[in-house]
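Some notes on the structure that comes next.
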Amino acid sequence: MKKVIKKVDLEKIKSLRKNSNLSLSEMATLLGYESVNGYYYLETGRGKFPAETLAKVATILNQNVDNLFFEIEVADMANNSRQAI
């Protein structure tokens with residue numbers, strides 16, 4: 001059996017930000033960060049987007065929050081190993 005996992009699409013967020021003509025610094029300011037580093041770490045995957053911040057990003061970029069995710073399928077190994085026993 002396969003399991004679908006949703007992950008934040010960092011490349012899409014970066015692309016949408018750039019298409020909106022927002023710099024990293026401007027996005028950081030709109031989100032309330034004192035420096036660009038806080039936001040930069042999120043967009044590059046060095047940090048995890050808190051749900052509240054992701055919702056704000058979606059609003060700023062005029063997107064539904066669901067559009068900021070992508071889905072991947074992974075094998076459900078736990079179930080497969082139990083069935084084999």
NZ-CD1 distance between Lys3 and Ile72, expressed to the nearest 0.5 angstrom
11.0 Å
Could you name each residue pair satisfying side-chain hydrogen bond (donor to acceptor under 3.5 Å, both in side chains) that touches residues 13-22, not counting sequence neighbours?
Arg17-Glu43
Quick check: do Leu68 and Leu16 have side-chain heavy atoms less than 4.5 Å from each other?
yes
How close do Leu10 and Thr44 get, counting heavy atoms only, and between which atoms?
CD1-C, 4.1 Å
Are Ile5 and Phe70 connected into the same hydrophobic cluster when the rule is that any two of I, L, V, M, F, W, Y join if their side-chain heavy atoms are below 4.5 Å apart?
yes
To the nearest 0.5 Å, what is the distance between CD1 on Ile13 and CZ on Phe69?
8.0 Å
Those residues at least two apart in sequence (or on a different chain) that pass salt bridge (charged side-chain N to carboxylate O under 4.0 Å, His left out) with Glu52 are Lys56
Look up atom CG in Leu30 and atom OH in Tyr39, then write down how far apart they are to the nearest 0.5 Å.
10.0 Å
Would you say Tyr41 and Ile60 are hydrophobically clustered, going by side-chain heavy atoms of ILVMFWY under 4.5 Å?
yes
Give, for atom CD of Glu71 and atom CG of Asp66, the distance between the pair rounded to the nearest 0.5 Å.
9.5 Å
Over all atoms of both residues, closest heavy-atom pair of Ser35 and Ala28:
O-CB, 3.8 Å
Using the test side-chain hydrogen bond (donor to acceptor under 3.5 Å, both in side chains), find all partners of Glu26 that sit at least two apart in sequence or belong to another chain.
Ser23
For Tyr33 and Met27, run side-chain contact (heavy atoms from CB on, under 4.5 Å): C-alpha distance rounded to whole Å, both residues' side-chain angles, the deciding distance at 0.1 Å, then the answer.
CA-CA 9 Å; Tyr33 287 95; Met27 185 64 119; over 6 Å; no
Would you say Phe49 has more than 12 foreign heavy atoms packed within less than 6.0 Å of its CZ?
yes
Closest non-hydrogen contact found for Val36 with Ser25 is CG2-N, 3.6 Å
